[in-house]
Amino acid sequence: MRKVVLPAVIIITSILLIVRIFYLQVIDENLKLQSENNAIKKVFDFPERGYIYDRNGKLLVANQPSYDIMVVPREIKNIDTTEFCNLLHITKDYFIKKIEKANVYSPRLPSVFLSQLNKAEYAAFQEKERKFEGFYTQKRSLRDYQVKEGANIFGFITQVNEAILNKNKYYNSGDLIGKQGVEQEYEEILRGIKGVKYLLRDKHNKIIGPYKKGQFDTIAQQGKDLTLTIDHALQQYGTELMINKRGGIVAIEPKTGEILALVSAPTYDPAMLVGRQRSKNYTALYNDSISKPLYDRGLQATYPPGSPFKIITGLIGLQEEVIDEQSTFYCNHGANFGRFMKCHCGLHTLQLNNGTYKSCNSYFGNAYKRTIEKYKDSYYSVDNWANHVKSFGLGQFLGTDMPIGAKGLVPTSKMYKKMYNGSPIRSSYIISNSIGQGEVLTSPIQLANMMAVVANQGYYYTPHIVKKIKGQPLDKKFTTKHYSTIDKQYFPPMIQGLADVYNVGTASTLKVEGLQICGKTGTAENKIRVAGKTYQLKDHSIFVAFAPQENPKIAIAVFIENGYWGSRWAGPIATLMVEKYVNGKITRKDLEDRMLNGSLLSEYEKIENIIFQRKVDPTRVQDSLNKINVEISEAKKEEEEN
């Protein structure tokens, strides 16, 4: 039996191998196309990237023609390198280095020798191209920005690197790819699909026509257009208001989760990252580790939320039934919770409404104390509180359609067990959480989303920046409601308190006639640590709001670094943004003039002086400056207790 089976297996296997080899070498034309065949030249036709529009149909990003000089190293023959270099205004050293790099990639495949020629440079080279065998021009398209705002939203286009080439077979050397912003997040949609032509060459390497009459050629498919949720007029206005300031503005339409404005300051003109100067400009922007214009403060920066967090403290207290609208607490310029938390209320008896519009530390400290002390198991209490907080979208990546973001921090029992070695947690240990000055960290987009939850009285949609993709439905996750753990019945009294912040409270000087805005001022302590020493800087200015009170159209968060207090910088900017969007015009010209002409550069110069006078590399404190790593000063604690 073995004498029969073994020869049979060998014969059958041999037949199968022969058939497969015959198919691959004779029948299957695709293998010929994939091989580096000298007789067949593969030429790509690059499609235009999809256009980008704002929510009102305004064109934001278009395309412009660009030309690359490609090289196939093994095809270079007897060229006059001096004439070649003079024509393109390059050195011989540059020529040699680029050829060596191209050889490393592949001596037989084309790679970019010189990218992004303008029309004049292209015309000059095309006139003499026939003299330089092995080189040819490849037409591509670059971005043509119609606006100067929104660089952090758009991102930019750059050449693929080796890591991408090894990972994604769609791209070839010299191809362009989106980086950052919507260009990166929606790359596959915006880029379209390359067309391919296979051309047959004779023994003299001249093109004699299409291979197989073009039956394997494909037509380029243009990228799909995107319509953003951004209102360009609002984005532009926010950018102007943030000149000479650092921080972020995020505005959201509560009923849809659509991002109306996403402003990060300082910023830059997106056109800086287009063309031959892109690399030089990007390097300069990247190396600016002080103002860091490439850092999106609206999405990436995390700060203590300050007094706006009292909104959540109050709502959780209502939900847990440890307070109600009539619950009363006394404020004696603050209250003692094991340490004194002072505030500006003076001597008052406060309930939810006036506690909110006066921003009383005593009221919300007591509400938080009762919440944490409601259950015997202090760790359960903390996790119960944390779950409420997280239901507003805090302490998590929100899942936006931007490739960057910050999770922030909502402390849980796991964190406190490590901090207190497993001992029970007293409310006095973590009382600073009640007023947004404890371990809680939030990003501006999270605070804007928090206000969307309040405006909607209990739910939100995942914030997103693309409203419509031509010929394609929007991801379902952007049309799915997320509910907070707070029952709807508890929102109206809190909302009335936020309305009274403008009517009679901490933002009463910011009122807009005929427009009821609901808002909350905030201030966050600000310190940096340089070379082992802690420096007290001006506090951060925070403001959150939504409007109108009935049927809200916009929810907003504004964060101004070193902006003193909430109503000084962030409050006016938020008010102007809200009025601009809801009413389409500005009546508070006094606020507008002050914000447009105001500057905080002197405060930022102090930071730079601290860094450079101590001869410390600024990159060592980059996170401190950009993310504002705030810590509570022990000295100030002692002062407040006294």
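Only this structure's heavy atoms are used, side chains among them; waters, hydrogens and symmetry mates stay out.
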Notebook entry, point to check: Hey, is the main chain of Asp593 close enough, under 3.5 Å, to the side chain of Asn597 for a donor-acceptor pair?
Noted result: yes

Notebook entry, point to check: Does some side-chain heavy atom of Met595 sit less than 4.5 Å from a side-chain heavy atom of Pro572?
Noted result: yes

Note to self: Using modelled atom types and a 3.5 Å cut-off, is there a donor and acceptor pairing between side-chain atoms of Asn354 and backbone atoms of Gln351?
What the structure shows: yes

Notebook entry, point to check: Quick one: does Ile312's side chain get under 4.5 Å of Phe392's, heavy atoms only?
Noted result: yes

Notebook entry, point to check: Has Gln326 got more than 12 heavy atoms of other residues, nucleotides or ligands less than 6.0 Å from its CD?
Noted result: yes

Checklist line | Residue pair Phe340 / Asn332: nearest heavy atoms and the distance that separates them | finding: CZ-O, 3.6 Å

Next item on the list: Please round to the nearest 0.5 Å and tell me the distance separating atom CD of Glu373 and atom CG of Asn366.
Entry: 9.5 Å

Next item on the list: Decide whether a cation-pi geometry holds between Lys511 and Tyr502; the criteria are a distance under 6.0 Å from NZ or CZ to the six-membered ring centre and an angle within 45° of the ring axis.
Entry: no

Next item on the list: Indicate the atoms forming the closest heavy-atom contact of Lys310 with Met494, along with that distance.
Entry: O-CE, 4.4 Å

Next item on the list: In sequence, state the C-alpha distance, the side-chain angles, and the governing distance for Ile554 and Val582, and then conclude on side-chain contact (heavy atoms from CB on, under 4.5 Å).
Entry: CA-CA 8 Å; Ile554 182 173; Val582 176; 3.9 Å; yes

Next item on the list: Output yes when a side-chain donor or acceptor of Asp54 lies under 3.5 Å from a complementary backbone atom of His232, and no otherwise.
Entry: yes

Check: Using the ring of each side chain (for Trp, its six-membered ring), is Tyr303 parallel, tilted or perpendicular to Phe559, with breaks at 30° and 60°?
Finding: parallel

Item checked: Asp500/Asn503 under side chain to side chain donor-acceptor pair (under 3.5 Å): CA gap, chis, key distance, verdict -> CA-CA 4 Å; Asp500 288 337; Asn503 295 332; 2.9 Å; yes

Notebook entry, point to check: So, does Ser427 use its side chain to make a donor-acceptor pair with the main chain of Lys369 at under 3.5 Å?
Noted result: no

Checklist line | Nearest non-hydrogen partners of Ser599 and Asn244, listed with the distance | finding: OG-CB, 3.4 Å

Checklist line | Distance in Å, Arg588 CZ paired with Leu576 CG, rounded so as to fall on 0.5 Å steps | finding: 8.0 Å

Note to self: For the CD atom on Gln489, are there more than 12 heavy atoms of other groups (residues, nucleotides or ligands in this structure) within a distance under 6.0 Å?
What the structure shows: yes

Item checked: Closest heavy-atom pair and its distance - Gly563, Ser541 -> O-CB, 3.3 Å

Check: What is the minimum heavy-atom distance between Ser567 and Leu510, and which atoms define it?
Finding: O-CD2, 4.4 Å

Margin query: Would you say that Met450 contacts Tyr460 through its side chain, given a criterion of any heavy-atom pair below 4.5 Å between the two side chains?
Written below: no

Next item on the list: Evaluate the side-chain proximity of Val250 to Val263: yes if any heavy-atom separation is below 4.5 Å, no if none is.
Entry: no

Next item on the list: Give a yes or no on this: more than 12 heavy atoms of other residues, nucleotides or ligands lie within 6.0 Å of atom CZ of Arg426.
Entry: no

Check: Cation-pi between Lys417 and Tyr379: NZ/CZ under 6.0 Å from ring centre and within 45° of the ring axis?
Finding: yes

Notebook entry, point to check: Which distance, rounded to the nearest 0.5 Å, do you find between the CE of Met577 and the CG of Asp231?
Noted result: 9.0 Å

Notebook entry, point to check: Is there a donor-acceptor pair closer than 3.5 Å between any side-chain N or O of Ser484 and the backbone N or O of Ile486?
Noted result: yes

Note to self: Within the 4.5 Å heavy-atom criterion, are Leu409 and Met415 side-chain neighbours or not?
What the structure shows: yes

Item checked: Heavy-atom closest pair, residues Leu352 and Pro493 -> CD2-CB, 3.9 Å

Note to self: Could you walk me through whether Leu260 and Ile252 satisfy the side-chain contact (heavy atoms from CB on, under 4.5 Å) test, starting with their C-alpha distance in whole Å, then the side-chain angles of each, then the deciding distance to 0.1 Å, before giving a yes or no?
What the structure shows: CA-CA 5 Å; Leu260 302 171; Ile252 296 173; 5.9 Å; no

Check: Side chains of Ser307 and Ser359: do they bring a donor and an acceptor to under 3.5 Å?
Finding: yes

Checklist line | Working for side chain to side chain donor-acceptor pair (under 3.5 Å), residues Gln496 and Gln549 | finding: CA-CA 9 Å; Gln496 186 55 51; Gln549 183 176 356; 3.3 Å; yes

Notebook entry, point to check: Is a side-chain donor or acceptor of Asn562 paired with a backbone partner of Asp539 at a separation under 3.5 angstrom?
Noted result: no

Notebook entry, point to check: Pick one: which of Arg297, Arg246, Lys292 meets salt bridge (Lys or Arg N to Asp or Glu O under 4.0 Å) with Glu561?
Noted result: Arg297

Check: Ignoring hydrogens and geometry, is there a side-chain-to-backbone donor-acceptor pair from Glu253 to Thr229 under 3.5 Å?
Finding: no

Check: Near Lys553 NZ, under 6.0 Å, is it more than 12 heavy atoms from other residues, nucleotides or ligands?
Finding: no

Check: Do Lys374 and Asn384 have side-chain heavy atoms sitting under 4.5 Å apart?
Finding: no

Checklist line | Distance in Å, Ile249 CD1 paired with Ile445 CD1, rounded so as to fall on 0.5 Å steps | finding: 13.5 Å

Margin query: Treating Gln235 as the side-chain partner and Leu262 as the backbone partner, does any N or O pair qualify as donor plus acceptor under 3.5 Å?
Written below: yes

Margin query: Rounded at 0.5 Å granularity, tell me how far CG in Asp590 sits from CD1 in Ile586.
Written below: 10.5 Å

Next item on the list: Answer with yes or no whether the side chains of His388 and Thr485 bring together a donor and an acceptor at under 3.5 Å.
Entry: yes

Item checked: Side-chain touch Asn456/Phe491, heavy atoms, less than 4.5 angstrom -> no

Check: His333 side chain to Cys331 main-chain N or O, any donor-acceptor pair under 3.5 Å?
Finding: no

Next item on the list: Please check if atom NZ in Lys477 has more than 12 non-hydrogen atoms from other residues, nucleotides or ligands closer than 6.0 Å.
Entry: yes

Notebook entry, point to check: What distance do Trp569 atom CH2 and Tyr564 atom OH have between them, rounded to the nearest 0.5 Å?
Noted result: 8.5 Å

Next item on the list: In sequence, state the C-alpha distance, the side-chain angles, and the governing distance for Thr587 and Glu579, and then conclude on side chain to side chain donor-acceptor pair (under 3.5 Å).
Entry: CA-CA 8 Å; Thr587 60; Glu579 186 182 17; 2.5 Å; yes

Check: So, Lys580 side chain and Val578 main chain: donor-acceptor pair closer than 3.5 Å or not?
Finding: no

Checklist line | Residue that, paired with Tyr368, satisfies ring pair (Phe, Tyr, Trp, His ring centres under 6.0 Å) out of Phe309, Tyr363, Trp385 | finding: Trp385

Notebook entry, point to check: If we only count heavy atoms from C-beta on, is the Val389 to Val440 side-chain gap below 4.5 Å?
Noted result: no

Next item on the list: Given side chain to side chain donor-acceptor pair (under 3.5 Å), test Tyr490 with Gln457 step by step and report yes or no.
Entry: CA-CA 8 Å; Tyr490 297 118; Gln457 299 187 34; over 6 Å; no

